[in-house]
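Here the structure comes first, spelled out in structure tokens, and everything after it is commentary.
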Amino acid sequence: MNFLKDISQQVSQSLKEKFACDVAASEVLINHTKPEFEGTYTVVLFPFVKRTKSNPQVLGEAIGTDLVNQTASIENFNIVKGFLNLSFTNEFWLNQLGKTVAGEYQDVNVGQGEKVLVEFSSPNTNKPLHLGHIRNILLGWSTANILEKTGYSVVRTQIVNDRGVAICKSMLSWKLFGNGETPESSGMKSDFLVGKYYVEFDKQLKVEYTTWQATDEAEQVFKEKAKPDTTSEDFFKGFKNHYFNDHSDLGRQVKDMLLKWEDDDEEVKALWSMMNGWVYDGFEVTYQKLGVGFDQSYYESDTYLTGKSMVEAGEEAGLFYKKEDGSIWVDLEPQGLDQKILLRSDGTSVYLTQDLGTADIRYQDHTAKKMIYVVGDEQNYHFKVLFEIMKKLDKPYAEGLYHLSYGMVDLPTGKMKSREGTVVDADVLIKEVIGEARSGAEERGDMGGLTADEQEGTIRDIGLGALKYFILKVNPQKRIVFDPKESVDMQGQTGPYIQNAYVRIKSIFRKSEEELSQDFAGYVCQDVERQLVNQLIQYPTVLEQAAAHYDPSLVAHYSYDLAKGFHRFYHDLRILGAESPEAKSFRLNLSKQIADTLESSLNLLGINLPQRM
RNA sequence: GGCCCCGUAGCUCAACUGGAUAGAGCAGCUGACUUCUAAUCAGCAGGUUGCACGUUCGAGUCGUGCCGGGGUCACCA
């Protein structure tokens, strides 16, 4: 919005000429005028009071007079306390709409083609995607869209955690208890089938553990390791991991499998490929339902070895150190962090190791110096560590790494826990939300001459629109409390509300037979209309901010405000039945721009706009 | 315990990064469909911004200290 810069410039000049005070144009603060006052933009005068040794009233009079005289678009000013409120001419607003129509407010190119890699979703392959993934995926997807829109060259990627103990649990469990069950034979969605065996493993382990607790061996362990005042019940609650590692038969078998996997054992690898394949098929279905996809997927199984050699190289270069038992560590205490292990004493890699390798391979593939990791905030510390290590290794992309951290999604009953079966599966939720949209549509009846297929598509867009908006409108840093039973609202500040504004506009244009022309010269616009034009020209600024902060919620709030403005306008004024040809032309153009902007902004959030609803 | 995040209306969220009398939606109560789609609009009611100091013309926003919630400090991922 260049005219704001011009105003700042003018203010700076006035201060210089009339008060001999040097204030850079960039220091001039211009706000939106509060609705209860006359005007559209406001210059805050307080900061100049001290520097000019003048009072706000005098300052305001001087600056305001200059602005009105020097700037054709400013019609009037008033001063309230230390605020200089500026009103713009009718001509100005007509011009602004004209510029918008001409596409002048379309280009945002802060990225200038710079490459950015956005990692999101990043699932494990032992169970289906759940509500938490949905937030992750929506955030990642829309952040990528926003970056693309603002001129970055974006690569969308996921890292699939396809190896390790978890998937081996599913594999072993299937082998022991599965009787050769397949997605075909069971009719289950394939990722759910794998998840089923993961849960089954846990169940069996629990049984095994409980039985073991009654043995002499367990009693011995309790006597040796329990602190004086703990009951055996409490002790064994905390001992579960140790049991799995040191005493469990199932645990032994899982580890055995993991070792065989690392040894490239044919049978184990075949099982692994098969079951991972099931999971990928299932994920793909879910991704498609959500309308997202990736330019490239990375697999931990392909990258962990690279990480390992990076660690070894770093150790040789003296950046890391080796303990007597052979494990390799990094000392990040100078950076205010801790000592972290990078390779286990048996030479196998840990979580960090893989992330090092993944980052490096990605850089080799894409030479993107910016990489954004969309990962939950429980891993804040992990990423701090990772980024520090990259700096230590002096990687060219080290400074461009960013952890887009977001809060967990909780249920009204508390945290989601897979062990307690309180996890909300992504597919189940999507179905529920679409069902909600369907019953809403049925209640309303009449979707105006759509075929059955089109209706189904619209219902899906509405349901998903509600879900996506609900999640994306919240600032990523905050935790979300999500009640899947009450599902998602379709009224008020919601996706469907915004979709509805768009649909109303589309409906108008369906009824308007003439070509859209710009014959609105001389039209005197009303307050609502000025406000709407003003909202429209904010769009590029909003995009810039959303891109700078990696925050889709800014776009979400903007589109709601715009839709709200439109609904009100629609209610107050006739468009097709406007009082004059100019008024009609102005309003049609305005509506068209609003529809385009709503479509653009909602698409950034991954929300589709139906033509009717 | 150390470090990190969060705390705003009954509920879900805003507040242009320090600016005016803290705004929306939901839920509750009123009113508006023979009018371009009522998934809409208008109104009422709802607040000591967790608490206390401090910084300054000005603090929900910055600082310090408490209180409450969450996370994290693994040879788990």
Side-chain angles (χ1 to χ4, degrees), chain A residues 29-37 42 44-47 49-50 56 80-83 85 122 124 161 164-166 241 245 300 323 325-329 336-338 340-346 348-352 354-355 376-382 384 405 407-408 410 412 415 437 440-441 443-444 446-448 462 466 470 473-475 477-483 486 489-501 503-512 538 541-542 545 549 553-554 556-557 560-561 564 567-568 570-578 587 591 612-613:
Chain A
L29 182 63
I30 301 178
N31 289 340
H32 295 286
T33 305
K34 292 236 153 196
E36 55 270 35
F37 300 104
T42 295
V44 184
L45 298 169
F46 293 111
V49 170
K50 229 180 203 172
V80 180
K81 294 191 204 165
F83 299 94
N85 302 325
S122 310
N124 293 328
N161 302 302
V165 176
N241 280 344
N245 285 327
E300 200 185 287
K323 281 193 180 171
D325 62 6
S327 55
I328 299 182
W329 294 70
L337 305 171
D338 301 292
K340 295 296 285 189
I341 188 162
L342 298 176
L343 270 187
R344 295 193 190 101
S345 48
D346 63 2
T348 58
S349 60
V350 295
Y351 185 41
L352 261 167
Q354 299 145 15
D355 271 358
D377 63 4
E378 78 255 0
Q379 293 195 33
N380 285 353
Y381 186 74
H382 168 77
K384 262 192 202 167
S405 156
M408 296 288 98
D410 291 326
K415 248 190 122 168
E443 239 173 71
R444 215 158 276 116
D446 186 34
M447 288 230 282
I462 294 171
F470 184 86
K473 75 172 182 193
V474 183
N475 179 324
Q477 276 188 323
K478 293 196 175 180
R479 293 179 82 94
I480 290 182
V481 181
F482 189 90
D483 191 340
E486 289 183 9
D489 286 336
M490 310 264 171
Q491 271 143 23
Q493 191 188 1
T494 65
Y497 174 95
I498 303 168
Q499 288 170 323
N500 186 235
V503 164
R504 282 178 145 181
I505 298 171
K506 287 291 147 179
S507 166
I508 290 169
F509 278 96
R510 242 177 273 124
K511 296 205 167 149
S512 153
Q538 305 309 309
T541 314
V542 171
Q545 274 181 6
H549 299 296
S553 73
L554 297 175
H557 284 109
Y560 169 70
D561 288 337
K564 188 178 160 82
H567 276 307
R568 186 197 172 121
Y570 178 90
H571 183 267
D572 289 355
L573 300 171
R574 309 260 82 204
I575 297 169
L576 290 176
R587 286 171 197 168
S591 303
R612 302 166 199 257
M613 62 194 278

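Lettering of chains follows the sequences in order, A, B, ..., and the numbering in each one begins at 1. It should be emphasised that the depicted structure is a prediction, and the values quoted were computed from it without experimental measurement.
In this structure, A/Ile480 reaches the sugar-phosphate backbone alone: every heavy-atom distance under 4.0 Å involves primed, P, OP1 or OP2 atoms, never a base. Residue-level contact check: A/Leu573 touches the bases, meaning some heavy atom is under 4.0 Å from a base atom. Within the nucleic acid shown, A/Lys511 comes within 4.0 Å of sugar-phosphate atoms alone, with no base atom in reach, counting heavy atoms only. Across all strands shown, A/Thr42 has heavy atoms under 4.0 Å from base atoms, whether or not it also approaches the sugar-phosphate. Residue A/Val503 is classed as a base contact, given a heavy-atom separation below 4.0 Å to a base. Residue A/Val49 is classed as having no contact, given no heavy-atom separation below 4.0 Å to the nucleic acid.
Nearest nucleotide to the side chain of A/Asn241, out of B/C13, B/C36, B/A74: B/A74. Closest to the A/Leu554 side chain, of the nucleotides B/A15, B/C75, B/A20, is B/A15. For A/Asn31, the side-chain atoms get nearest to B/G19 when compared with the rest of B/C13, B/C75, B/G19. In the set B/G19, B/U35, B/A20, B/A20 carries the atom at the smallest distance from any side-chain atom of A/Asn85. Side-chain atoms of A/Phe37 lie closest to B/A20 of the nucleotides B/A20, B/A24, B/C16.
Projected onto RNA chain B by closest heavy-atom contact, A/Asp338 and A/Leu576 fall at different nucleotides, the more 5' of which corresponds to A/Leu576. When each of A/Asn124 and A/Lys340 is assigned the nucleotide of RNA chain B with its nearest heavy atom, A/Lys340 is the one assigned upstream, toward the 5' end.
With a 3.5 Å ceiling on both atom-pair distances, the Watson-Crick or G-U wobble partner of B/C11 is B/G25. Checking B/C73 for Watson-Crick or G-U wobble geometry (two distances, each under 3.5 Å) identifies B/G1 as its partner. Base pairing of B/U64: its partner is B/A52, meeting the Watson-Crick or G-U wobble criterion (both donor-acceptor distances under 3.5 Å). In this entry B/G47 has no Watson-Crick or G-U wobble partner, no candidate having both defining distances under 3.5 Å. Pairing for B/A39 is absent, with no Watson-Crick or G-U wobble pair whose two atom distances lie under 3.5 Å.
On the P atoms, B/U35 is 14 Å away from B/A39, given to the nearest whole Å. Taking atom P in both B/A59 and B/C53, the straight-line distance is 14 Å, to the nearest Å. The P atoms of B/A42 and B/A24 are separated by 10 Å, rounded to the nearest whole Å. Nucleotides B/G60 and B/C13 are separated by 14 Å at their C1' atoms, to the nearest Å. B/C3 and B/U64 are spaced 11 Å apart, taking the P atom of each and rounding to whole Å. Distance check on atom P: B/A38 versus B/U30 gives 23 Å, rounded to whole Å. Rounded to whole Å, the separation between the C1' atoms of B/C4 and B/A45 comes to 40 Å. Here the separation of B/G63 from B/U72, taken at their P atoms, is 25 Å to the nearest Å.
Contact annotation: A/Gln477 side-chain N/O to B/C5 OP1/OP2 distance is not under 4.0 Å. Within the structure, a side-chain polar atom (N or O) of A/Lys81 is placed less than 4.0 Å from OP1 or OP2 of B/U21. A close approach under 4.0 Å does occur between a side-chain nitrogen or oxygen of A/Lys478 and OP1 or OP2 of B/A14. The phosphate of B/U37 (OP1 or OP2) has a side-chain N or O of A/Ser507 nearer than 4.0 angstrom.
A/Tyr560 places a side-chain heavy atom less than 4.5 Å from the side chain of A/Ile498. Using a 4.5 Å heavy-atom cutoff, the side chains of A/Ser591 and A/Tyr570 are not in contact. Side-chain contact between A/Asp561 and A/Gln538 is absent, with no heavy atoms from C-beta onward closer than 4.5 Å. In this structure, A/Phe83 and A/Leu45 have side chains that are not in contact, with every pair of non-hydrogen atoms separated by 4.5 Å or more. Two residues are said to be in side-chain contact when any heavy atoms from C-beta on lie closer than 4.5 Å; A/Ser327 and A/Leu343 fail this criterion. You'll find the side chain of A/Met613 stays beyond 4.5 Å of the side chain of A/Arg444, heavy atoms only. You'll find the side chain of A/Arg510 reaches within 4.5 Å of the side chain of A/Lys506, heavy atoms only.
Side chains of A/Asp489 and A/Tyr497: no donor on one and acceptor on the other come within 3.5 Å.
Of the possible polar contacts, none joining the A/Arg344 side chain to the A/Val350 backbone as a donor-acceptor pair under 3.5 Å is found. Judged by distance alone, with hydrogens and angles left aside, the side-chain atoms of A/His571 form no donor-acceptor pair with the main-chain N or O of A/His567 at under 3.5 Å.
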With the criterion being N/O to N/O and under 3.5 Å, what pairs connect the protein with nucleotides 38-44 of chain B, and how long is each?
{"from": "B/A38", "atom 1": "OP2", "to": "A/Arg504", "atom 2": "NH2", "distance (Å)": "2.4"}
{"from": "B/A39", "atom 1": "OP2", "to": "A/Arg444", "atom 2": "NE", "distance (Å)": "2.6"}
{"from": "B/A39", "atom 1": "O4'", "to": "A/Arg444", "atom 2": "NH2", "distance (Å)": "3.4"}
{"from": "B/A39", "atom 1": "O2'", "to": "A/Asn500", "atom 2": "OD1", "distance (Å)": "3.4"}
{"from": "B/A39", "atom 1": "N7", "to": "A/Arg444", "atom 2": "NH1", "distance (Å)": "3.0"}
{"from": "B/U40", "atom 1": "OP1", "to": "A/Gly492", "atom 2": "N", "distance (Å)": "3.3"}
{"from": "B/U40", "atom 1": "O2'", "to": "A/Arg504", "atom 2": "NH1", "distance (Å)": "2.9"}
{"from": "B/C41", "atom 1": "OP1", "to": "A/Tyr497", "atom 2": "OH", "distance (Å)": "2.4"}
{"from": "B/C41", "atom 1": "O2'", "to": "A/His571", "atom 2": "ND1", "distance (Å)": "2.9"}
{"from": "B/A42", "atom 1": "OP1", "to": "A/Arg568", "atom 2": "NH1", "distance (Å)": "3.4"}

So which protein nitrogen or oxygen atoms get under 3.5 Å of nucleotides 68-72 of chain B's nitrogens or oxygens?
{"from": "B/G70", "atom 1": "O2'", "to": "A/Arg479", "atom 2": "NH1", "distance (Å)": "2.2"}

Please write out the pairs of protein N or O atoms and N or O atoms of nucleotides 57-60 of chain B separated by less than 3.5 Å, giving the distance to one decimal.
{"from": "B/C57", "atom 1": "OP1", "to": "A/Lys50", "atom 2": "NZ", "distance (Å)": "2.5"}

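Between the side-chain ring of A/Tyr560 and the base of B/A24, no stacking contact exists by the 5.5 Å and 30° definition.
More than 12 heavy atoms of other residues, nucleotides or ligands sit less than 6.0 Å from atom CD of A/Glu36.
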